[in-house]
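Report on the structure given below.
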Amino acid sequence: MMSLWNQKMHKGFALHWDGLETSLTETVQTGAIGDGATKKSLPVADLQRVEDFIQELPPPKYPFAIDEQVAAKGSQIFANTCASCHAFGGERTGTVIPVEEVGTDRHRLDMWTQEGADTYNHFGDGYPWDFKNLRKTNGYVSVSLDGLWLRAPYLHNGSVPSLQDLFEKPENRPQVFYRGYDVYDPKKVGFITEGDEAKAIGFKYDTTVTANSNQGHIYGTDLSDEKKKALIEYLKTL
Ligand code: HEC
């Protein structure tokens with residue numbers, strides 16, 4: 001699931017992980033259809049209120065200590081290596097990055113087809129509401145990173161448990177972990193994904209299962225340990 005907060009800051013962004021929509025109104029309405037609304041019952045006015053709410057909803061602030069000096073160093077690293085794809089106002093922020101370039105698991109992308117987009121775009125024919133912005137893309141959106149600390153596990157398929165793991169080379173990222181346990185790990189920056197309690201409460205995520213791969217997005221993996229630490233400290237502030 002993608003976070004819904006701050007939508008007004010995401011104006012013009014491609015929506016859904018693969019950018020298959022460009023209209024927020026349509027995203028909210030198609031979401032309602034997916035959740036069981038019918039053509040006749042689609043509650044357009046109520047959904048507009050939901051949309052207004054997520055336009056303004058702020059992300060929760062990081063609740064643990066942040067070392068501001070270290071974060072300031074990290075901010076420079078972010079500006080040099082990440083901002084073009086992830087900062088608000090970045091050249092490629094909110095656009096679809098070809099899957100060959102970002103290198104993450106492609107199954108989410110391949111599950112959606114031009115035919116699916118065409119069907120949806122005709123779904124509302126004859127009704128006062130209409131869908132016309134669904135499309136087929138070739139990659140994943142370079143999402144903004146607001147409220148990032150709370151969004152673990154990371155990437156579109158939730159295949160990387162923490163920020164610390166994301167800046168490791170894919171072969172060194174955890175292969176099997178437990179998702180869904182809600183105790184936070186401020187050291188790795190993500191939720192705790194191992195140990196007896198995580199095992200009992202969470203569910204097992206195996207990165208070798210089809211569509212679960214933790215490959216790709218190797219940006220930042222070559223940085224020194226000190227720089228990675230600074231970058232992560234900065235990412236807590238977003
Ligand atoms: C060329 C564009 C590009 C660059 C440069 C880039 N990223 Fe990304 N990033 C992406 C894309 C595309 C995704 C979504 C990939 C996916 O989920 O499959 C992503 C996903 C992420 C996510 C996961 C977000 C979430 O909610 O799960 C984080 C965190 C992230 N990037 C951080 C960074 C950092 C930090 C840097 C710099 C070291 C960086 N990225 C550099 C394109 C980029």
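- Looking at D105 and H107, their side chains do bring a donor and an acceptor atom within 3.5 Å of each other.
- With hydrogens and angles disregarded, a donor-acceptor distance shorter than 3.5 Å links the side chain of N121 to the backbone of L134.
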Verdict with reasoning, K8 to E56, per salt bridge (Lys or Arg N to Asp or Glu O under 4.0 Å): CA-CA 7 Å; K8 67 168 187 258; E56 301 294 331; 3.0 Å; yes

Salt bridge (Lys or Arg N to Asp or Glu O under 4.0 Å) for R49 and D46? Distances and angles first, verdict last. CA-CA 5 Å; R49 286 178 21 222; D46 289 346; 3.3 Å; yes

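- Every residue two or more places apart in sequence or in another chain was checked for a ring-ring contact (aromatic ring centres under 6.0 Å, His included) with Y154, and none qualifies.
- Using modelled atom types and a 3.5 Å distance limit, the side chains of E26 and N133 yield a donor-acceptor pair.
- Using the six-membered ring where Trp is involved, Y62 and F64 have ring planes that are perpendicular, over 60° apart on the 30 and 60° scheme.
- Counting only N and O atoms by type, the side chains of D146 and N6 include a donor and acceptor under 3.5 Å apart.
- Heavy-atom neighbours of E168 CD from other residues, nucleotides or ligands within 6.0 Å: above the threshold of 12.
- A cation-pi geometry, defined here as NZ or CZ lying under 6.0 Å from the six-membered ring centre and within 45° of its normal, does not hold between K73 and Y234.
- Within 6.0 Å of the CG atom in D196, the count of heavy atoms belonging to other residues, nucleotides or ligands does not exceed 12.
- Side-chain contact check for W17 versus V96: every heavy-atom pair is 4.5 Å or farther apart.
- Hydrophobic cluster of I192: the remaining members, joined at side-chain heavy-atom separations below 4.5 Å, are Y181, V183, I201, listed by chain and number.
- Heavy atoms only, all atoms of each residue included: A152 and P161 are closest at CB-O, 3.4 Å.
- Of the N and O atoms on the side chains of S162 and Q164, not one donor lies less than 3.5 Å from an acceptor on the other residue.
- Of all heavy-atom pairs between L109 and K136, the closest is O-NZ, 2.7 Å.
- Of the N and O atoms on the side chains of T25 and E51, at least one donor lies less than 3.5 Å from an acceptor on the other residue.
- Checked against the 6.0 Å centroid threshold, F88 and H10 count as a close aromatic pair.
- Ion pairing between a basic and an acidic side chain is recognised when a charged N comes within 4.0 Å of a carboxylate O; K236 and E233 show such pairing.
- The aromatic rings of Y120 and F123 sit tilted, their planes meeting at an angle between 30° and 60°.
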